[in-house]
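Only one structure is covered here, and it is reproduced in the block below.
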Amino acid sequence: MNLSKDKTLDLVTRCGEGDEAALKLFFESYSEDIYNFPMKIFHLSEDDAGDFFLYAFERLKTGARFSSFKGKSSFRTWFYSVLRNMLIDWQRTKRELKMTNLGKINKEGKEYATIEDEPDLRPDLVEEAQELTKHFHQVLGEIGVEKRVIFKLSYIYYLNLDEEEIQFLIDKTNLGIEEIKKKILALRSELSKREEENIRMEDKITSLYLNILELKEKQTVTVKKAPLLPQEIDKTSQALKKKYEQRKKLLEKRKKGHFLARTPYREVADLLGITEGNVSVTLLRLIEKIQKKLKFSELSE
C-alpha cells in the first residue's frame with residue numbers, strides 16, 4: 001500500500017506517539033518492505049528475512065523509533081536507513097537455531113519429528129575474529145618501529161600507539177608526551193567527521209537502491225502508455241541508468257576500502273617530518289606485506 005506524503009507524515013507522527021491504530025496501519029502498509037529488505041539489499045535468504053521481520057517488528061511496535069523522523073528526507077530513505085541499522089544489529093546478535101526433522105520412530109512404530117538445536121556458531125566466529133586480530137597485531141609488531149608508526153598514524157582512528165611507538169614519536173618530533181596526545185586526539189576528532197561521512201555514504205547506497213526501485217515502478221507504469229509517452233520512457237530509462245552507475249561506483253569504493261577513516265598522508269608526513277610520497281610508498285608496501293602474512297587477499301582491495 002502506497003500512502004501520500006502527507007498521509008505518511010501524519011501516520012509516522014502518530015506512530016511516534018504510540019497510537020495503536022496508526023501502528024497497525026503502518027505494519028499493514030509496510031510489512032512487505034520490511035520482509036523484502038534483507039533479501040533485496042543484503043541478498044539474504046527467505047528464512048533470514050522471516051527472522052529479521054520478527055526482530056524488526058519487536059523493535060518498531062512501540063513506535064519509539066518513529067519519533068526520529070522529521071520529514072527532512074523522504075520517508076522511505078529514512079525507513080530503509082533504520083532497517084539497515086537494525087539488520088546490522090540483528091546480524092551481530094542473532095543465534096542460529098535449526099529445526100531438523102530426524103524422522104525418528106516411537107514405540108508404537110509411528111514416525112515423529114524432533115527439534116534439535118545445532119551448536120551456536122557465534123563463539124567460533126568471535127574466536128576466529130579474535131585470532132585474526134591477534135595475528136594482525138603480531139605481524140604488525142614484527143615491523144620496524146618507524147614503519148609501524150607510519151602505519152598506525154595512518155589508521156589512528158582504529159589503532160592505538162604503544163609505549164615504544166610513543167617514545168619514537170617524542171624522539172622524532174622533539175615534542176612532549178602531552179603535545180603528542182593532543183595531536184593524536186585532534187587527528188581522531190577530525191577522522192570521526194570522516195567516519196560520519198562514510199556512514200552517510202552507506203546511507204546513500206541504500207537511498208540509491210530506493211530510487212532505483214521507484215524508477216523501475218515508474219518505468220513499468222509508463223511503458224503501458226508507450227505510444228503516448230515515448231519521451232517520458234526515455235527520460236526514466238536515462239535516470240535509471242544514472243542511478244545504477246552512481247550506486248555501482250559507491251559499491252566499488254566500499255569494496256576497495258575507501259569508506260575507512262584514514263589519516264591524510266600530509267598529516268602523517270607533517271608530524272614525522274617526512275614527505276607525503278614516503279608515507280604513501282611505505283603504507284602501500286606495509287599493506288602488501290601484512291596482506292601476504294595474513295594470506296588475506298582482500299585486505300588492500
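- To the nearest 0.5 angstrom, Ile290 atom CD1 is 10.5 Å from His135 atom NE2.
- When every heavy atom of Gly63 is checked against every heavy atom of Leu23, the shortest pair comes out as CA-CD2, 3.9 Å.
- At least one side-chain heavy atom of Glu58 sits under 4.5 Å from a side-chain heavy atom of Lys61.
- Between Leu169 and Leu175 the shortest side-chain heavy-atom distance does not fall below 4.5 Å.
- Distance alone, capped at 3.5 Å, places no donor-acceptor pair between the Gln167 side chain and the Glu164 backbone.
- Taking all atoms of both residues into account, the shortest heavy-atom contact from Thr275 to Asn278 is OG1-N, 3.0 Å.
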How far apart are the C-alpha atoms of Ile143 and Phe151, what are their side-chain angles, what is the distance that settles it, and do they pass the side-chain contact (heavy atoms from CB on, under 4.5 Å) test? CA-CA 10 Å; Ile143 297 168; Phe151 184 89; over 6 Å; no

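- Using a distance-only test at 3.5 Å, with no hydrogens or angles considered, no donor-acceptor pair links the side chain of Lys147 to the main chain of Thr282.
- Between the side chain of Ser67 and the main chain of Gly16, no donor-acceptor pair closer than 3.5 Å is present.
- Between Leu161 atom CG and Leu153 atom CG the span is 5.5 Å, to the nearest 0.5 Å.
- Taking a 6.0 Å sphere around CD of Glu142, one finds it holds more than 12 heavy atoms contributed by other residues, nucleotides or ligands.
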Please walk me through it: do His137 and Leu159 pass side-chain contact (heavy atoms from CB on, under 4.5 Å)? CA-CA 10 Å; His137 284 289; Leu159 300 172; 4.1 Å; yes

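- To the nearest 0.5 Å, atoms CE (Met39) and CG (Asp47) are separated by 10.0 Å.
- Tyr158 is connected to Ile287 through a chain of hydrophobic side-chain contacts under 4.5 Å among Ile, Leu, Val, Met, Phe, Trp and Tyr, so both are in one cluster.
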Between Leu286 and Leu140, is the side-chain contact (heavy atoms from CB on, under 4.5 Å) condition met? List the steps. CA-CA 9 Å; Leu286 283 177; Leu140 198 57; over 6 Å; no

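- Glu190 places no side-chain N or O within 3.5 Å of a backbone atom of Leu187 that could act as its donor or acceptor partner.
- Put simply, Ile156 and Leu284 are part of two different groups of oily side chains (I, L, V, M, F, W, Y) that touch within less than 4.5 Å, one to the next.
- For the pair Ser31 (side chain) and Phe27 (backbone), a donor-acceptor distance under 3.5 Å is present.
- For the pair Arg84 and Tyr80, the NZ or CZ position fails the cation-pi test of under 6.0 Å to the six-membered ring centre and within 45 degrees of the ring normal.
- Residues Glu267 and Leu191 form no side-chain contact, since every pair of their non-hydrogen atoms from C-beta on lies 4.5 Å or further apart.
- Between Thr173 and Leu271, the closest heavy-atom pair is CG2-O, 3.0 Å.
- At most 12 heavy atoms of other shown residues, nucleotides or ligands fall within 6.0 angstrom of atom CD in Glu163.
- At a threshold of 4.5 Å between side-chain heavy atoms, the hydrophobic network of Ile, Leu, Val, Met, Phe, Trp and Tyr places Leu185 and Ile166 in two separate groups.
- Not one N or O on the side chain of Arg262 forms a donor-acceptor pair closer than 3.5 Å with the backbone of Tyr155.
- Ring geometry, Phe26 versus Phe79: the interplanar angle exceeds 60°, so the pair is classed perpendicular (tilted spans 30 to 60°).
- Shortest non-hydrogen contact noted between Asn160 and Arg188 is OD1-NH2, 2.7 Å.
- Rounding to the nearest 0.5 angstrom, the gap separating the OG1 atom in Thr62 from the CD atom in Glu20 is 11.5 Å.
- Distance OH/Tyr30 to CG/Asp33: 7.5 Å, rounded to 0.5 Å.
- Heavy atoms only, all atoms of each residue included: Leu60 and Phe66 are closest at O-CE1, 3.5 Å.
- Residues Asp162 and Arg148 form a side-chain contact, since some pair of their non-hydrogen atoms from C-beta on lies under 4.5 Å apart.
- A distance of 11.0 Å separates CD1 of Ile34 from CD of Glu32, quoted to the nearest 0.5 Å.
- Between Lys24 and Glu28, the closest side-chain pair of non-hydrogen atoms falls below 4.5 Å.
- Ring-centre distance between Phe53 and Phe37: not below the 6.0 Å cut-off.
- Taking each heavy atom of Leu83 and Phe52 in turn, the nearest pair found is O-CZ, 3.7 Å.
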